[in-house]
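Since the structure is predicted, the reported quantities are computational estimates derived from the model, not experimental observations. Note on naming: letters A, B, ... go to the chains in the order of the sequence lines (proteins, then strands), and numbering restarts at 1 for each one.
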There are 2 protein chains.
Amino acid sequence: MLAGKTRSVSSKLLGVIEIFTASDVALSLSDIARKSDLPLATTLRFVREWVAWGGLIRLDDGRYAVGTRLWEVGVQAPSLQSLRNAALPFLDDLLVGTRQNAQLAILQGFETLYVEKISARNSTVLMSRVGMRLPLHATGVGLVLLANSGQNYIDEYLELPLKKYTACTVVDPRQVRQRLASIRVTGFVRAEEELHSGVISLAAPVHDRSGRTVAAISAVVSVEQRNDRSLDMMVRVAGLGVSRALGFRGSRVAP
Amino acid sequence: MLAGKTRSVSSKLLGVIEIFTASDVALSLSDIARKSDLPLATTLRFVREWVAWGGLIRLDDGRYAVGTRLWEVGVQAPSLQSLRNAALPFLDDLLVGTRQNAQLAILQGFETLYVEKISARNSTVLMSRVGMRLPLHATGVGLVLLANSGQNYIDEYLELPLKKYTACTVVDPRQVRQRLASIRVTGFVRAEEELHSGVISLAAPVHDRSGRTVAAISAVVSVEQRNDRSLDMMVRVAGLGVSRALGFRGSRVAP
DNA sequence: GCAAAGTCTTTCATTCAGTGAAAATGCACT
DNA sequence: AGTGCATTTTCACTGAATGAAAGACTTTGC
């Protein structure tokens with residue numbers, strides 16, 4: 001929030017709701033005011049507008065949480081709908097094939113945003129969640145999305161301080177660059193315990209009709225499945241399947 | 001829109017985005033202004049705020065469509081997250097068992113809102129879509145939700161003019177009431193070609209920890225599967241499974 | 001049970017951001 | 001090039017927004 005800078009009512013209203021993507025599930029009015037950097041009375045007025053519209057609900061304990069209305073509008077996004085519709089059958093294939101987790105993610109700013117996630121019963125528990133953002137350099141899908149981005153974008157991203165989540169996280173810009181180059185050639189990535197111990201993320205790109213990489217699809221499995229190389233192929237095929245469903249006519253399966 | 005009535009900036013901003021739940025995927029500025037009942041210049045300002053925030057995107061042809069930001073915030077809704085996480089494995093079971101469509105819906109106002117939908121390859125094409133609202137009386141999930149609502153709510157709903165979608169749609173309030181009573185006893189509904197010819201919707205309620213009906217789960221299959229009564233049981237079991245995952249401890253499978 | 005602290009809600013004089021008719025500009029079609 | 005329609009810009013005017021402070025409510029600690 002830009003203290004002292006003139007802000008429109010609209011931007012303040014939207015700033016209030018935005019708090020909920022980076023916060024705990026439910027927040028008190030005082031919390032919201034603090035995080036919004038708005039006076040209490042002003043915050044209350046905005047929160048009341050959101051509640052009236054359905055974007056926030058008030059819980060029994062007086063805190064506020066996101067309501068369903070935003071989702072209802074948001075899910076109309078054409079890009080999301082077509083991507084999700086194309087990907088779901090293939091995510092399901094991955095679920096059946098791995099008995100673990102399957103995910104679909106897109107690029108948002110300098111992060112990866114999880115758009116879909118389906119998990120098998122008793123699967124490895126993951127940090128990621130639908131609607132969650134995670135860093136590009138430490139996730140399979142993030143690396144795929146980064147590898148298929150423009151050079152300027154990659155340069156900018158690599159100027160950010162890259163956080164090391166585990167001993168396995170690759171954060172050296174030089175090494176990241178080499179890795180991205182390799183991913184571009186192979187069209188696939190295997191990230192082993194780079195965000196969280198015990199899990200391996202296998203990811204492949206999803207291309208749209210024009211050949212642009214619009215998402216990444218992944219299977220996230222336990223390290224115990226490390227030697228099962230058929231999983232690699234499953235993910236590749238899934239990525240190509242979704243791409244085809246989106247109208248892509250190229251070929252990127254065989255490295 | 002209340003012409004001539006004083007409106008807050010916030011409510012007007014939210015009114016603009018709301019247009020997109022009831023409209024075509026993409027709208028021109030003039031369309032938005034017309035549907036919002038706002039002057040062009042005012043509409044432009046609001047649309048620009050939404051674009052700046054990510055709630056709307058401008059397409060190549062100059063029209064506007066919903067962006068991903070709303071979805072990203074909206075999907076944080078705790079009620080949606082827990083419901084979806086509980087339901088997905090069971091929706092998948094239904095998908096595998098029916099080879100058709102599985103859906104999860106909630107009650108919103110006087111309509112049912114589809115929260116999740118997964119479809120098998122080559123399944124019967126449905127009218128419903130994630131984020132879509134449909135009438136309670138003509139859909140399996142809607143009937144289940146209605147049957148498990150309070151008497152006042154039912155009375156109010158039945159005072160609305162009920163639309164007849166096909167020859168099979170039940171719209172006589174007296175008949176609807178009897179049907180709802182039956183659903184409450186059996187905990188299940190089978191809606192045959194009431195919204196759309198050729199499809200049968202089998203639905204069961206989803207209860208939360210407190211026993212309240214918070215959603216309905218359904219399989220929507222082709223009329224050719226009419227005689228497969230194992231599908232009924234699948235849906236019931238799925239409903240109970242999701243309920244259990246939500247902490248429900250009652251029993252409603254055996255009629 | 002009571003007092004203190006913290007949180008939420010209301011009030012209203014002041015102000016500043018919002019407004020929209022009309023003009024200007026842009027775009028598509030014939 | 002001309003026409004019609006859509007979008008963008010301008011700016012005098014105004015009405016909605018503001019937030020400090022008081023009041024009301026809730027929670028916590030003794």
(message) Donor-acceptor check, side chain of A/E49 to backbone of A/R45, threshold 3.5 angstrom: yes or no?
(response) no
(request) Could you tell me whether the phosphate oxygens of D/dT18, OP1 or OP2, come under 4.0 Å of any side-chain nitrogen or oxygen in A/K12? (result) yes
(message) Would A/V220 and A/Q103 count as a side chain to side chain contact (heavy atoms under 4.5 Å, CB included) here? Give the steps.
(response) CA-CA 8 Å; A/V220 187; A/Q103 308 186 312; 3.7 Å; yes
(message) Given 3.5 Å as the limit, does a donor-acceptor pair link the side chain of B/Q81 with the main chain of B/V75, or not?
(response) yes
(request) From the options D/dA17, C/dC8, D/dA6, select the nucleotide whose nearest atom is closest to the side chain of B/S30. (result) D/dA6
(message) If I take atom CG in residue B/L13 and atom P in nucleotide C/dA17, what distance separates them, rounded to the nearest angstrom?
(response) 17 Å
(request) Check every strand shown and say whether B/L40 touches a base, only sugar-phosphate, or nothing at a heavy-atom separation below 4.0 Å. (result) base
(message) Closest-nucleotide mapping onto DNA chain D: is A/L38 or A/D61 further toward the 5' terminus? I mean the 5' end.
(response) A/L38
(request) With heavy atoms under 4.0 Å as the rule, sort B/R58 into base, sugar-phosphate or nothing. (result) sugar-phosphate
(message) Looking at B/D155 and B/R177, is any side-chain nitrogen of the basic one under 4.0 Å from a carboxylate oxygen of the acidic one?
(response) yes
(request) Indicate the ring-plane relationship of A/W53 and A/W50, choosing parallel, tilted or perpendicular according to the 30° and 60° boundaries. (result) perpendicular
(request) Can you establish whether the number of heavy atoms outside A/K163 located under 6.0 Å from its atom NZ is more than 12? (result) no
(request) Check step by step if side chain to side chain contact (heavy atoms under 4.5 Å, CB included) holds for B/V130 and A/N85. (result) CA-CA 10 Å; B/V130 172; A/N85 288 337; over 6 Å; no
(message) Within a 6.0 Å radius of atom CG on B/D61, are there more than 12 heavy atoms belonging to other residues, nucleotides or ligands?
(response) yes
(request) Give the B/S/- string for nucleotides 24-30 of chain C, one per nucleotide from 5' to 3', where a protein heavy atom under 4.0 Å of the base yields B, of only the sugar-phosphate yields S, and otherwise -. (result) -------
(request) With B/R121 as the cation and A/F90 as the aromatic partner, state whether NZ or CZ is under 6.0 Å from the six-membered ring centre and within 45° of the axis. (result) yes
(request) Starting from C1' on D/dT26, measure out to CG on A/L29 and report it in whole angstrom. (result) 14 Å
(message) Reading DNA chain C from 5' onward, which residue's closest nucleotide shows up sooner: A/R63 or A/S10?
(response) A/R63
(request) Calculate the interatomic distance between B/D31 atom CG and D/dC5 atom P; express it in whole Å. (result) 15 Å
(message) For DNA chain D, which residues of residues 41-56 of chain B approach it to below 4.0 angstrom with any heavy atom?
(response) B/A41, B/L44, B/R48
(request) Specify the separation, in whole Å, of atom OH of B/Y64 and atom P of D/dA6. (result) 14 Å
